[in-house]
Amino acid sequence: MIDVRRSGDRYRGGEAAAGIESFHAFSFGPHYDPGNLRFGAILACNEERLEPGAGFDEHPHSHTEIVTWVVAGELTHRDSAGHESRVGPGDVQRLSAGGGVRHVERNDGAEPLVFVQMWLAPLSPGGEPSYEVVHGIADSTPYAVPAAGALLHVRRLATGERFALPDAPFMYVHVVHGELALAHDRLRPGDSARISGEAGLEGVASGATELLIWEMTSAP
């Protein structure tokens with residue numbers, strides 16, 4: 001099954017007066033939808049847009065694997081475990097909340113910040129918080145989140161490039177840039193596909209295309 005969700009169907013949130021725009025692919029906060037709570041391990045896929053000086057003040061997380069991909073600008077991160085970093089395009093950031101952690105996310109730069117943040121459910125709750133940034137991850141280099149039984153593939157494709165999607169029980173594809181022809185659909189920036197029970201799938205890029213592909217092995 002391939003379930004395509006369009007960018008325009010995302011739940012819109014944020015706080016415009018504070019310079020924050022949010023677009024949620026899954027049930028989130030006041031946008032409660034019992035039929036759209038998760039897919040595989042993924043609980044949230046949020047597109048966030050922060051104006052210079054805007055940000056999310058200190059707030060808590062627990063029992064969640066949080067993976068962030070910066071599209072444009074630079075993200076400043078600080079957390080209660082003592083980690084502080086700046087994350088830019090091409091970097092993968094992971095915060096394992098464990099039994100509980102608090103963090104701050106801000107745009108301290110002079111340019112608008114755009115990032116995609118994905119929340120995954122761990123296989124087992126609790127544990128100690130941990131944090132990691134992989135700078136400049138290369139195309140086709142998988143990034144493992146073993147605590148959630150998931151693998152992230154970052155793909156950067158040239159015009160007309162054809163590629164094979166992983167054969168996995170569950171896949172989630174998010175288009176960052178460009179266009180992707182997948183089966184009988186065409187996905188554009190912000191669109192996503194939830195894929196289950198499919199094998200041998202191929203995609204074709206139209207224009208320079210950047211994709212985030214989650215490979216997951218277990219059901220909720």
Side-chain angles (χ1 to χ4, degrees), residues 1 3-81 87 93-108 112-123 125-126 129 131 145 147-148 150 152 170-176 187-196 212 214 216 219-220:
M1 184 182 73
D3 180 8
V4 172
R5 306 290 178 106
R6 300 300 178 186
S7 175
D9 296 331
R10 288 173 172 257
Y11 311 111
R12 190 161 187 166
E15 188 178 349
I20 301 172
E21 283 189 298
S22 302
F23 302 88
H24 307 292
F26 292 85
S27 179
F28 198 91
H31 305 287
Y32 179 69
D33 181 352
N36 190 24
L37 296 177
R38 66 184 289 179
F39 177 75
I42 299 178
L43 303 171
C45 179
N46 303 334
E47 289 186 349
E48 305 287 0
R49 302 175 185 177
L50 275 59
E51 293 298 322
F56 299 103
D57 294 332
E58 187 175 84
H59 57 280
H61 290 282
S62 61
H63 317 303
T64 312
E65 299 292 311
I66 302 170
V67 177
T68 303
W69 179 259
V70 174
V71 179
E74 187 176 68
L75 171 66
T76 297
H77 165 96
R78 294 189 297 275
D79 65 44
S80 55
V87 185
Q93 179 200 58
R94 177 191 52 81
L95 174 64
S96 294
V101 69
R102 301 180 68 86
H103 75 151
V104 174
E105 297 165 295
R106 297 197 58 80
N107 179 8
D108 289 333
L113 166 65
V114 180
F115 63 92
V116 180
Q117 189 169 90
M118 298 149 287
W119 299 7
L120 289 80
L123 298 173
Y131 182 76
V145 185
L152 174 64
F170 299 92
M171 278 187 294
Y172 184 84
V173 180
H174 174 86
V175 180
V176 180
L187 281 66
R188 296 176 173 83
D191 291 350
S192 61
R194 307 175 189 191
I195 304 169
S196 58
L212 302 176
W214 283 104
M216 296 170 284

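Predicted model, so just to flag it, every value in this text is computed and none were measured.
Rounding to the nearest 0.5 angstrom, the gap separating the CG atom in Asn36 from the OH atom in Tyr11 is 4.0 Å. The structure places CD of Glu47 at 11.0 Å from CZ of Phe115, a figure rounded to the nearest 0.5 Å. To the nearest 0.5 Å, atom CG of residue Leu75 and atom CG of residue Asn107 are 8.5 Å apart. Note that the CZ atom of Arg106 and the CZ atom of Arg78 stand 7.5 Å from one another [nearest 0.5 Å]. To the nearest 0.5 Å, atom CE of residue Met118 and atom CZ of residue Phe26 are 11.0 Å apart. Rounding to the nearest 0.5 Å places CZ of Arg49 at 13.5 Å from CD1 of Ile20.
Closest approach of Gly99 and His63 over heavy atoms only: CA-CE1, 4.0 Å. The two residues Ala97 and Pro129 make their nearest non-hydrogen contact at O-CG, 3.6 Å. Val101 and Ser80 make their closest contact through CG2-OG, 3.4 Å (heavy atoms, listed as atom of the first residue, atom of the second, distance).
Taking the side chain as every heavy atom from C-beta outward, Leu212 and Val176 approach each other to under 4.5 Å. Under the 4.5 Å side-chain criterion, counting only non-hydrogen atoms from C-beta, Phe56 is in contact with Glu48.
Side chain of His59 to main chain of Asp57: a donor-acceptor pair is present (N/O by atom type, distance under 3.5 Å, no hydrogens or angles). The backbone N or O of Asp33 lies less than 3.5 Å from a partner atom in the side chain of Ser27, making a donor-acceptor pair.
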Report task. Apply side-chain contact (heavy atoms from CB on, under 4.5 Å) to Val145 and Leu152, showing your working. Result -> CA-CA 8 Å; Val145 185; Leu152 174 64; 5.7 Å; no
Requested in this report: Start with the C-alpha distance between Asp3 and Phe39, add both sets of side-chain angles, then the distance that settles side-chain contact (heavy atoms from CB on, under 4.5 Å), and finish with yes or no.
Outcome: CA-CA 11 Å; Asp3 180 8; Phe39 177 75; over 6 Å; no
Requested in this report: Go through the steps to decide whether Met216 and Ile42 satisfy the test side-chain contact (heavy atoms from CB on, under 4.5 Å), and finish with yes or no.
Outcome: CA-CA 9 Å; Met216 296 170 284; Ile42 299 178; 3.8 Å; yes
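Under the 3.5 Å distance criterion, with hydrogens and angles disregarded, no donor-acceptor pair is assigned to the side chains of Ser196 and Arg194.
Side-chain rings of Tyr131 and His103 stay apart, their centers remaining 6.0 Å or farther from each other.
The side chain to side chain contact (heavy atoms under 4.5 Å, CB included) test with Leu95 is passed by exactly one of Asp79, Val67, Thr64: Asp79.
Below 30°, between 30° and 60°, or above 60°: for Phe28 and His24 the angle between ring planes is below 30°, a parallel geometry.
Pairs of residues two or more places apart, or lying in two chains, that qualify as salt bridge (charged side-chain N to carboxylate O under 4.0 Å, His left out) and include a residue from residues 6-16 are Arg6-Asp185, Arg6-Asp191, Arg12-Glu21.
The side chain to side chain donor-acceptor pair (under 3.5 Å) test applied to Gln117 returns Thr68, Glu105, Trp119, not counting sequence neighbours.
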